[in-house]
Novice: 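Structure provided below as structure tokens; questions to follow.
Atoms considered below: every heavy atom in the structure, side chains included; atoms not considered: hydrogens, waters and symmetry mates.
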Protein chains: 2
Amino acid sequence: MNVKRTDEKIIRKQVEIFKALAHPTRLQMVQMLSEGELCVCVFQEAFGIDFSTVSRHLSVLRNAGIVSDEKRGKNVFYCLVRPCVLEMCACLENDGHCRCGNAE
Amino acid sequence: MNVKRTDEKIIRKQVEIFKALAHPTRLQMVQMLSEGELCVCVFQEAFGIDFSTVSRHLSVLRNAGIVSDEKRGKNVFYCLVRPCVLEMCACLENDGHCRCGNAE
DNA sequence: ATAATATTTGGCTAAAATAGCAAATGTTAT
DNA sequence: ATAACATTTGCTATTTTAGCCAAATATTAT
């Protein structure tokens with residue numbers, strides 16, 4: 001069998017990104033960032049969870065290269081640096097099923 | 001603060017899909033299915049892991065609605081029913097970063 | 001320099017995900 | 001009916017992830 005196999009390095013990077021998105025809080029965070037940068041404290045208020053937890057979630061997103069952070073004064077602002085994740089979510093909302101009949 | 005929040009039900013579904021993709025073996029499986037349906041045994045050979053493990057991975061993908069299965073004779077064939085996941089992967093390969101300056 | 005505010009990091013525990021083995025199921029061949 | 005083959009399911013050990021508290025760090029205000 002000669003099936004397509006993607007380079008392992010690429011797969012690992014993609015997995016890291018999907019893993020980062022695979023949590024309700026983090027996915028909401030990404031959605032919230034669609035309209036512009038936000039300060040850590042905004043997420044804390046929005047979710048009502050511990051600051052440390054918010055910070056950890058944001059660092060997962062940052063390590064995956066989905067968001068970047070910038071310190072200004074006392075605050076740290078996060079913003080989306082890989083907007084295509086929003087398109088991915090949109091695509092999934094469309095529930096875009098399509099039966100396959102491409103093989104045999 | 002009045003930030004965008006996505007409906008929780010939608011978020012949960014999206015999380016399930018991202019979670020399903022967030023594993024190197026499963027992501028490779030999806031890639032391999034890009035060219036058409038494949039039988040469980042093909043995956044088993046390709047990865048050299050236990051049949052039970054292959055089967056479990058496939059069921060994660062099926063439960064998330066990414067693939068569907070069809071039994072024919074002794075074999076079970078899986079195929080992609082949500083091809084947009086391939087576009088998502090392609091998008092991530094392009095490493096499409098873009099600094100934001102959209103807020104203030 | 002000290003205090004107050006905002007965020008991150010270390011340590012910990014509970015919960016979820018992974019992978020293999022063995023047993024169960026379903027299908028075809030004898 | 002029995003055997004052989006392909007796949008799934010039950011169980012268990014191991015690893016990873018999540019979330020809280022407390023402590024550390026950095027910045028601004030006093």
Novice: Which whole-number value in Å describes the distance from A/Leu61 CG to C/dT7 P?
Specialist: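 Checked: the CG to P distance equals 16 Å.
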Novice: Looking at D/dA18, D/dT9, D/dT7, which one has an atom nearest to any side-chain atom of B/Val40?
Specialist: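 Nearest to the side-chain atoms of B/Val40, counting from C-beta on, is D/dT7.
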Novice: Taking only the side-chain nitrogens and oxygens of A/Thr53, find out if one of them lies under 4.0 Å from OP1 or OP2 of D/dC20.
Specialist: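 For A/Thr53, the contact criterion (side-chain N or O under 4.0 Å from OP1 or OP2 of D/dC20) is met.
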Novice: Please compare A/Val76 and A/Arg56 by the position of their nearest nucleotide in DNA chain C and report the one closer to 5'.
Specialist: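 Taking each residue's closest nucleotide, the earlier one in sequence belongs to A/Val76.
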Novice: From the list C/dC21, D/dC20, D/dG10, which nucleotide is the closest neighbour of the side chain of B/Asp50?
Specialist: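 Of all the options, the side chain of B/Asp50 is nearest to C/dC21.
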Novice: Select base, sugar-phosphate, or nothing to describe what B/Tyr78 touches, counting heavy atoms under 4.0 Å on all strands.
Specialist: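 The residue B/Tyr78 makes sugar-phosphate contact but no base contact.
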Novice: Would B/Glu8 and B/Lys13 pass as an ion pair if we require N to O under 4.0 Å?
Specialist: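 B/Lys13 and B/Glu8: not salt-bridged.
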Novice: Between C/dT7, D/dC20, D/dT8, which nucleotide gets closest to the side-chain atoms of A/Phe51?
Specialist: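 Taking heavy atoms from C-beta onward, the closest nucleotide is C/dT7.
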Novice: For C/dT8, does OP1 or OP2 lie under 4.0 Å from any side-chain N or O of A/Ser55?
Specialist: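 Result: yes.
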Novice: Measure the spacing between OG of B/Ser68 and CG of B/Leu33 and express it to the nearest 0.5 Å.
Specialist: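 If I round to the nearest 0.5 Å, the distance is 9.5 Å.
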Novice: Side-chain N or O of B/Lys19 versus OP1/OP2 of C/dA17: is the shortest distance under 4.0 Å?
Specialist: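 Checking B/Lys19 against C/dA17: at least one side-chain N or O falls below 4.0 Å of OP1 or OP2.
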Novice: For a quick check of understanding: with a heavy-atom distance under 4.0 Å over all strands, which category does B/Arg62 fall into, base, sugar-phosphate or nothing?
Specialist: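 Touches nothing.
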Novice: Of the nucleotides C/dA19, D/dA18, D/dT9, which has the atom closest to the A/His23 side chain?
Specialist: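 Of all the options, the side chain of A/His23 is nearest to D/dA18.
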Novice: Below 4.0 angstrom from OP1 or OP2 of D/dT17, is there any side-chain N or O of A/His57?
Specialist: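 The answer is no; no side-chain N or O of A/His57 sits under 4.0 Å from OP1 or OP2.
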Novice: Which value, rounded to the nearest 0.5 Å, describes the distance between A/Arg56 atom CZ and A/Thr53 atom OG1?
Specialist: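 Reported value, rounded in 0.5 Å steps: 8.0 Å.
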Novice: Can you see if the side chain of B/Lys74 gets near the phosphate of C/dG26 - specifically, an N or O under 4.0 Å from OP1 or OP2?
Specialist: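 Checking C/dG26 against B/Lys74, no side-chain N or O comes under 4.0 Å of OP1 or OP2.
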Novice: Give a yes/no on whether any side-chain N or O of A/Asn75 is located under 4.0 angstrom from OP1 or OP2 of C/dT5.
Specialist: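 The answer is no; no side-chain N or O of A/Asn75 sits under 4.0 Å from OP1 or OP2.
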